[in-house]
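Worksheet: the structure to be examined is printed underneath.
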Amino acid sequence: MLWLMRLSGFLSAAMVVIVLSPSLQSFPPAEAIRSSHFDSYLRFPGQIASSGTDRPRFPFREASPFHNAEECEDSTIESTACDPALVHIAITLDEEYLRGSIAAVHSVLQHSHCPESVFFHFLVSDTSLESLVRTAFPRLRFKVYYFDPERVRGLISTSVRQALEQPLNYARNYLADMLQPCVHRVIYLDSDLVVVDDIAKLWRTDLRGRTVGAPEYCHANFTKYFTQRFWSDPKLAGTFSGRRPCYFNTGVMVLDLQRWRRFGYTRRIERWMEVQKGTAGDGPGGRIYELGSLPPFLLLFAGHVAPIEHRWNQHGLGGDNVRGSCRDLHPGPVSLLHWSGSGKPWARFDSNRPCPLDALWAPYDLYGPIP
């Protein structure tokens, strides 16, 4: 009887993956795919390769070939990042989140109408990871940028989760400085998400003269993102005077890099990090927020964000900061699934404790034994 129940559970999970396969261009409304009945037997195992000069540290399978549709704008694999026909995406690569980054890239290519016209900008603190990208995506158009951890190490303060204190988590602050000046716009994506729609739709977002575009969540309690010290100091709290600030998640953003450069937002973010560390030199020190790289973005842009449909960031699937917490989707259509929070789908699969919605991430996972 037990084996029959396990077989039934596996078939149920497999059916979900087939129905929600990468061939779909978008998901139906979230209610149609909610479920708490996925079993834990669906797994995409892969062991770390043995160390040696002839094998990579991480085994990734090669993704299926991808090609532009006939009606896509002309662009060749040899063209540079300055090609105006390209869609630009920035994402970080590090060992801890590498499996998620590769899955995110795979999902973009699977659902893009013009995948050869997508150019990736990878931010790394370990340049050896470039070869792993080539293993999984031999024809991918990308450029690798080295981000020196020392650039922000003295600016980072402790946070609610250690992962939020990693220097590479702050590389998004420096995109305007690191990317070529000819790149005027970029989509920034976190490493713990998958895209299930054509990324060009997000790329075409009208920023309405704003620097940042992102889904906003105005029902959230905005005050909780800053400390009592912040709100009790009129000078600090007055930062939001004259605007209606709303929370937005910095894991999915469309950035106007020209405006960013023109108004010097990199330095302005660093300034707020100095205030947090008490090194600004113009007043008493003290923590003004508890999270990682998010609050400086809120301080500068909340209330001045070009709103994007919520379908482009169904976030919180990682259970926020509650380990082992499984979440459902928010109501409405879905174009991007985001496992923000402490629970990552690859880790939950490897521990044989996946959440139901982790089955939607699994089809994009390229991690596994190399034949």
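- Put simply, the side chain of Val183 does not reach to within 4.5 Å of the side chain of Phe119, judged on heavy atoms.
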Exercise. Does the salt bridge (charged side-chain N to carboxylate O under 4.0 Å, His left out) test come out yes or no for Arg153 and Asp148, once each step is laid out?
Worked result: CA-CA 9 Å; Arg153 202 178 300 279; Asp148 186 355; over 6 Å; no
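- At distances below 3.5 Å, not a single donor-acceptor pair connects side-chain atoms of Asp198 with backbone N or O atoms of Lys201.
- In summary, the side chains of His338 and Asp192 do present a donor paired with an acceptor at a separation below 3.5 Å, with no hydrogens or angles considered.
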Exercise. Going through the checks in order, is the side-chain contact (heavy atoms from CB on, under 4.5 Å) test met by Val254 and Arg185?
Worked result: CA-CA 7 Å; Val254 181; Arg185 170 184 287 218; 3.8 Å; yes
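- Summarising the geometry of Phe297 relative to Ser293, their closest heavy-atom pair is CD1-O, 3.5 Å, with the distance given to 0.1 Å.
- The closest side-chain heavy-atom distance from Leu189 to Val108 is below 4.5 Å.
- Under the 6.0 Å cut-off for aromatic ring centres, His315 and Tyr217 qualify, their centroids lying closer than that.
- At a cut-off of 3.5 Å, with distance as the only test, no side-chain donor of Ser340 or Asp190 sits close to an acceptor on the other residue.
- Considering Arg311, Gln314, His310 in turn, Arg311 is the only one that fulfils the side chain to side chain donor-acceptor pair (under 3.5 Å) rule with Ser335.
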Exercise. Between Leu207 and Thr205, is a side-chain contact (heavy atoms from CB on, under 4.5 Å) present by the stated rule, with each step listed?
Worked result: CA-CA 6 Å; Leu207 294 183; Thr205 296; 4.0 Å; yes
Exercise. Yes or no on side-chain contact (heavy atoms from CB on, under 4.5 Å) for Ile102 and Tyr367, after CA distance, side-chain angles and deciding distance?
Worked result: CA-CA 8 Å; Ile102 294 294; Tyr367 184 72; over 6 Å; no
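- Scored by the side chain to side chain donor-acceptor pair (under 3.5 Å) test, Thr127 finds no partners at all (sequence neighbours excluded).
- The closest side-chain heavy-atom distance from Val124 to Thr92 is not below 4.5 Å.
- In this structure, Asp365 pairs ionically with Arg99, as a charged nitrogen and a carboxylate oxygen lie closer than 4.0 Å.
- Salt-bridge annotation for Glu216 and Arg244: absent, with no side-chain N of the basic residue lying under 4.0 Å from a carboxylate O of the acidic one.
- Note on Glu274 versus Lys277: no salt bridge recorded, every NZ/NE/NH1/NH2 to OD/OE distance being 4.0 Å or above.
- Applying the side chain to side chain contact (heavy atoms under 4.5 Å, CB included) criterion to Pro295, with sequence neighbours excluded, gives Phe226, Tyr289, Leu291.
- Of the inter-residue distances, the one linking Leu298 atom CG with Thr250 atom OG1 reads 8.0 Å to the nearest 0.5 angstrom.
- When each of Val252, Leu337, Leu317 is tested with Leu193 by the rule side-chain contact (heavy atoms from CB on, under 4.5 Å), just one qualifies, namely Val252.
- Comment: Glu116 engages Arg139 in a salt bridge, judged by a side-chain N to carboxylate O separation of less than 4.0 angstrom.
- Taking CG from Leu329 and CG from Leu360, the interatomic distance works out to 7.0 Å, rounded to the nearest 0.5 Å.
- Using a 4.5 Å heavy-atom cutoff, the side chains of Phe301 and Thr211 are in contact.
- Annotation: side chain of Trp312 is in contact with side chain of Asp197 (closest heavy-atom distance under 4.5 Å).
- Between Phe222 and Phe240, a ring centre-to-centre spacing shorter than 6.0 Å is recorded.
- In this structure, the side chain of Ser191 does not engage the main chain of Tyr97 through any donor-acceptor pair within 3.5 Å.
- One finds the NE2 atom of His184 at 9.0 Å from the CG atom of Leu257 (value rounded to the nearest 0.5 Å).
- Taking the six-membered ring where the residue is Trp, Phe120 and Phe122 present parallel rings, their angle staying beneath 30° rather than reaching 60°.
- Although no hydrogens or angles enter the test, the distance criterion places a donor-acceptor pair under 3.5 Å between the side chain of Ser107 and the main chain of Val195.
- Checking Tyr364 against His111 by side-chain atom types alone, a donor-acceptor pair falls below 3.5 Å.
- In terms of the side chain to side chain contact (heavy atoms under 4.5 Å, CB included) criterion, residue partners of Thr239 (sequence neighbours excluded) are, by chain and number, Arg243, Trp272, Leu299.
- Distance check, rounded to the nearest 0.5 Å: SG of Cys114 to CD1 of Ile199 gives 12.5 Å.
- Counting all heavy atoms, side chain and backbone alike, Val87 lies closest to Ile187 at CG1-CD1, 4.4 Å.
- Considering all non-hydrogen atoms of both residues, Ile91 and Ala104 come closest at CD1-CB, 3.9 Å.
- Between Thr135 and Arg61 the shortest side-chain heavy-atom distance does not fall below 4.5 Å.
- Within the 4.5 Å cutoff, no side-chain heavy atoms of Asn173 are placed close to those of Tyr265.
- When all heavy atoms are compared, the tightest approach of Leu175 to Ala90 is CD2-CB, 3.6 Å.
- With rounding to the nearest 0.5 Å, the separation of CH2 in Trp260 from CG in Leu300 is 7.5 Å.
- Classification of the Trp203-His88 ring pair by plane angle, with boundaries at 30° and 60°, yields tilted.
- A salt bridge links Asp358 with Arg348; the closest basic N to acidic carboxylate O contact falls under 4.0 Å.
- Annotation: side chain of Arg141 is in contact with side chain of Leu86 (closest heavy-atom distance under 4.5 Å).
- For the pair Pro181 and Arg261, the tightest heavy-atom approach, listed with the atom from each and the gap, is O-NH1, 3.5 Å.
- In this structure, Tyr145 and His121 have tilted ring planes: the angle between them lies in the 30° to 60° band.
- Here the shortest heavy-atom pairing between Ala214 and Met253 reads CB-CG, 4.4 Å.
- The line from SG of Cys72 to NE2 of His67 is 12.0 Å long, rounded to the nearest 0.5 Å.
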